[in-house]
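This report refers to the structure that appears directly beneath it.
Just follow the structure's listing: the first ligand is 1, and inside any ligand the first atom is 1.
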Amino acid sequence: MTIAAPVTGTIDTHCPYCALQCGMRLTGKTVEPREFPTNRGGLCQKGWTSAALLDSPGRLTEPLVRVDGELRPATWDRALDLVANRVIEIQATHGRDAVAVFGGGGLTNEKSYLLGKFARVALGTSRIDYNGRFCMSSAAAAGTRAFGMDRGLPFPVSDLRGADAVLLVGGNPAETMPPFVQHLRDAELIVVDPRRSATAELAALHLQPAPGTDLALALGILHAVVADGHLRHDYVAERTTGFDEVWRIAATWWPERVERVTGVAAADQRSVAALLAGATNAYVLTARGTEQHARGADMVGAWINLALALGLPGRPGSGFGCLTGQGNGQGGREHGQKADQLPGYRRLDDPAARAHVAAVWGVDPDSLPRPGVSAYELLDENPRGLLVFGSNIAVSAPHANRVARALSDADLLVVADVVMSETAAMADVVLPVAQWAEEDGTLTNLEGRLLLRRAAVRPPAGVRTDLEVLHGLAARLGQPAERFPVDAEEVFDELRRASAGGLADYSGVTYARLRDGEALHWPVPSTDHPGTPRAFLDRFAHPDGKARFAPVDHSGPDEPPDEEFPLQATTGRVLQHYQSGAQTRLVPELVAAVPEAYVEVHPDTAARAGLGHGDLAHVVSRRGTVRARVRCVPTIRVDLVFLPFHFPGDGRANLLTNPALDPTSRMPEFKVCAVRLEAA
Ligand SMILES: Nc1nc2c(c(=O)[nH]1)N[C@H]1C(S)=C(S)[C@@H](COP(=O)(O)OP(=O)(O)OC[C@H]3O[C@@H](n4cnc5c(=O)[nH]c(N)nc54)[C@H](O)[C@@H]3O)O[C@H]1N2
Ligand SMILES: Nc1nc2c(c(=O)[nH]1)N[C@H]1C(S)=C(S)[C@@H](COP(=O)(O)OP(=O)(O)OC[C@H]3O[C@@H](n4cnc5c(=O)[nH]c(N)nc54)[C@H](O)[C@@H]3O)O[C@H]1N2
Ligand code: SF4
Ligand SMILES: [Mo]
């Protein structure tokens, strides 16, 4: 094992995990929090312990190639030659699209940009998508439909401090972004969550709907807004279109009817309407709880409708936003690792966009593939070859048994990772890469603000950066070397040109401006432009400048409970673990706090299954069985169980989940499926 050696004494950087991108200071391996507007000197336990992974014994430090069924050390040349030769063979026999690429929202802007270019130009495949499909896709689809542009928070996080009321739907930031909670301290907080989460504990009002019924709840509150005389007529007339069609639907959802569907008291719906309408400054925020559904884009659309009726979006001091999750969840969804996208949030099916980007890349626009398919569909197609950068799909993709079969059926599975994730353990070739503190790169945080993370320590010998890996593979696939630069700033300068004139225009952002600490929120269309911390103040991004109400109606979960599977399961996060857990399950302090898979159950529901607190249970759905330790929680609904998705093997919550996909966003229904509970 090689210990990472410091390059400089102390460096100001940002946390490797979530989209809050808390400011921290790294001295060798010591992390300290630092004053930055999103965290104001705070860090969560994951941030405090993040440097542990720099020299963890679990770190990958040499390429591995599968020989006789076993992963064995190999030189970089051997590993990259092997990948390139197998890719060429597969594509010659089965066509270009037989090789697929799967990216991640934790990758820097430079990496996600170059990965998209690599797929379209070096592989010529349409098959590229990424884990952001499982994360922000419903929010993005709804934001684009309503506002013409998808910037998760179109305002700085610190603006929330001036709010009198905040409605937070399906988010648990007390565990998923702990330092964020301080920005909500002065507001009346209303939380919508079927569980009494740590965040719901902080709320003035907690609404606890049945999972998957948020759309009906949003319609009920909208109904109360209108019926009780709170509709902002002027705003609706001047700044929006489509209200009448929405009201035709909402008119039929009076609060008492909504109470029967959701379980939320009609009086509480009216209180929320009055609270939000009475506030001088108010925000509506959503997160994965309301978005990860087979009708997730419509669910978010329904909450946007409510915000528009109250006149919040684009009003100074008020607004609507979705909380982005991954470190570069925002930038990672803008520059082309998505199946239908080119850099700058351009559309791959737009001839002008193809021409612009092809010119930057020096290729013929007609050579660019057409749009491909979404993340789960890409896996469900059984790709012959699959290259994974920055995701642990064996644990985090829905219907895990199906995905594991696709991974083991592939002729070539290549995983570039920092650690031996469960997906890497299944691979034919594993490529060990550098991580956050070992390389330069930019990220775009949950506020659309660009950040520069600089190399603070040297990577272990034997490790390469993702940019070097793409460069090495592209050269072996016959690409000119200069088309895939290895220097992050050089890649970024190319990204700036590729994004110029697009919705997510980064052309005015430079490493020099970021090094100087300028706060640059996109769009930044020129180097003398100050950036756009607050979007939509004058107009929304549709050609007519108006926001669009979305005529959406309630339909309920794809898989309702029945006699065989009488309970509903929902899934999510716990403070100490990050995502598939590939990284945090290697940090002793975090494992000690939460060592194994568990399921939250109401004590009465547990008792009915013959289970008590601490017992091992089987949670069974149509697709699989999870083994998990029972945690009796008296505040959860009796018809619901909750499992975090951070654990491997038979503790994978995704053995249960339903891959029903949203018609627009292609988001799977992670947040509700039918299950039963049994003693293990
Ligand atoms: N500790 C930790 N922090 C993280 C991450 C992590 O893995 N661990 N991941 C990061 C990433 S990528 C993301 S996307 C964010 C996610 O951040 P959040 O969205 O805050 O996290 P989740 O736990 O997925 O879901 C939030 C809540 O949704 C509730 N919920 C379930 N079903 C429904 C429903 O039908 N309606 C409503 N209204 N709520 C429902 C759950 O009970 C849960 O409390 O967190 C980021 N931060
Ligand atoms: N049941 C259920 N499933 C879910 C969710 C849920 O709420 N419920 N949430 C979904 C959401 S919101 C998300 S975002 C996904 C996340 O799920 P995953 O995509 O699996 O996310 P991670 O566990 O962060 O995986 C990232 C992997 O990339 C590696 N890595 C880190 N940095 C780098 C890098 O710079 N380069 C490379 N090559 N690798 C790197 C890490 O070590 C890790 O193995 O899970 C989704 N799955
Ligand atoms: S809240 Fe997110 S960015 Fe901040 S320390 Fe925790 S994981 Fe890191
Ligand atoms: Mo996410």
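Protein heavy atom at the shortest distance from atom 8 (Fe) of ligand 3 is C15 SG, 2.3 Å. Considering only non-hydrogen protein atoms, atom 47 (N) of ligand 2 sits nearest to S396 O, 2.7 Å. For atom 8 (N) of ligand 2, the nearest non-hydrogen atom of the protein is T571 OG1, 2.9 Å. Scanning the protein heavy atoms around atom 1 (N) of ligand 2, the nearest turns out to be N654 OD1, 2.8 Å. The protein heavy atom nearest to atom 26 (C) of ligand 2 is G390 O, 3.5 Å. With hydrogens left out, the protein atom closest to atom 7 (O) of ligand 2 is K671 NZ, 3.0 Å, a heavy atom. Ranking protein heavy atoms by distance to atom 44 (O) of ligand 2, first place goes to D417 OD2, 2.6 Å. At the shortest separation from atom 32 (N) of ligand 2 among protein heavy atoms lies V418 CG2, 4.1 Å. From the protein, the heavy atom lying nearest to atom 6 (Fe) of ligand 3 is C44 SG, 2.3 Å. For atom 21 (O) of ligand 2, the nearest non-hydrogen atom of the protein is Q579 CB, 3.5 Å.
Ring planes of H399 and Y376: parallel class, angle under 30° (limits at 30 and 60°). Ring orientation note: the planes of H577 and H646 are tilted relative to one another, at an angle of 30° to 60°.
At a cut-off of 3.5 Å, with distance as the only test, a side-chain donor of T442 or E110 sits close to an acceptor on the other residue. Side chain to side chain, D214 and T290 meet the donor-acceptor criterion of an N or O pair below 3.5 Å.
Taking backbone and side-chain atoms together, C22 has no N/O/S atom less than 2.8 Å away from atom 2 (Fe) of ligand 3. Not a single N, O or S atom of C18, from either the backbone or the side chain, sits less than 2.8 Å from atom 8 (Fe) of ligand 3.
With contacts defined as side-chain heavy-atom distances shorter than 4.5 Å, the pair Q330/Q21 does not qualify. Contact check for M667 versus H293: no side-chain heavy atoms found under the 4.5 Å cut-off. Put simply, the side chain of R623 reaches to within 4.5 Å of the side chain of C673, judged on heavy atoms.
Using a 4.0 Å cut-off between heavy atoms, A582 contacts ligand 2 through its side chain alone, with no backbone atom that close. When heavy-atom distances to ligand 2 are checked against a 4.0 Å cut-off, V395 has no atom that comes that close, whether in backbone or side chain. At a 4.0 Å heavy-atom cut-off, ligand 3 touches P179 through the side chain alone. Residue Q21 touches ligand 3 through its backbone alone, judged by heavy-atom distances below 4.0 Å.
Interface atoms of ligand 2 facing C135, defined by a heavy-atom separation under 4.0 Å, are 12 (S), 14 (S). Counting atoms of ligand 2 from 1 in the listed order, those under 4.0 Å from a heavy atom of S421 are 44 (O). Below 4.0 Å from some heavy atom of V433 lie the following atoms of ligand 2, by number and element: 36 (N), 37 (C), 38 (N). Within ligand 2, counting atoms from 1 as listed, the ones closer than 4.0 Å to a heavy atom of V419 are 42 (O). Taking every non-hydrogen atom of Y17 and a distance limit under 4.0 Å, the qualifying atoms of ligand 3 come out as 7 (S). Against a heavy-atom cut-off of under 4.0 Å, G47 is close to the following atoms of ligand 3: 5 (S).
Between the side chain of N392 and the backbone N or O of T423 there is at least one donor-acceptor pair closer than 3.5 Å. Using modelled atom types, one side-chain atom of N131 and one backbone atom of G105 make a donor-acceptor pair closer than 3.5 Å.
Of the candidates Q326, E422, R133, R573, R573 brings a heavy atom nearest to atom 11 (C) of ligand 2. Nearest residue to atom 23 (O) of ligand 2 from G103, S580, G581 is S580 (criterion: closest heavy atom).
In summary, R59 and E438 engage in a salt bridge, as defined by a charged side-chain N under 4.0 Å from a carboxylate O. With respect to the salt-bridge test (charged N to carboxylate O, under 4.0 angstrom), the residues D12 and R25 qualify.
Checking only distances, A416 does come within under 3.5 Å of ligand 2, N or O to N or O. For S391, a nitrogen or oxygen atom sits less than 3.5 Å from a nitrogen or oxygen atom of ligand 2, counting backbone and side chain alike. Polar contact check, N392 against ligand 2: a nitrogen or oxygen pair lies under 3.5 Å apart. The shortest N/O to N/O separation between K111 and ligand 2 falls below 3.5 Å.
Surrounding CZ of R161 are more than 12 heavy atoms belonging to other residues, nucleotides or ligands, all under 6.0 Å away. Atom CZ of R34 has more than 12 neighbouring heavy atoms from other residues, nucleotides or ligands inside a 6.0 Å radius.
Only one option out of S396, C135, P398 pairs with F670 in a side-chain contact (heavy atoms from CB on, under 4.5 Å); it is P398.
Assignment of Q583 to the shell around ligand 2 is supported, since a heavy atom sits closer than 4.0 Å. No heavy atom of M136 sits closer than 4.0 Å to any atom of ligand 2. At a 4.0 Å cut-off, at least one heavy atom of D466 sits close enough to ligand 2 to count as contact.
Of all non-hydrogen atoms in A592 and P595, the two that sit nearest each other are O-CD, 4.1 Å. Minimum interatomic distance between T38 and N445 (heavy atoms only, all atoms of both residues): CG2-ND2, 3.7 Å.
For the atom pair E32 CD and L26 CG, the distance stands at 9.5 Å (nearest 0.5 Å).
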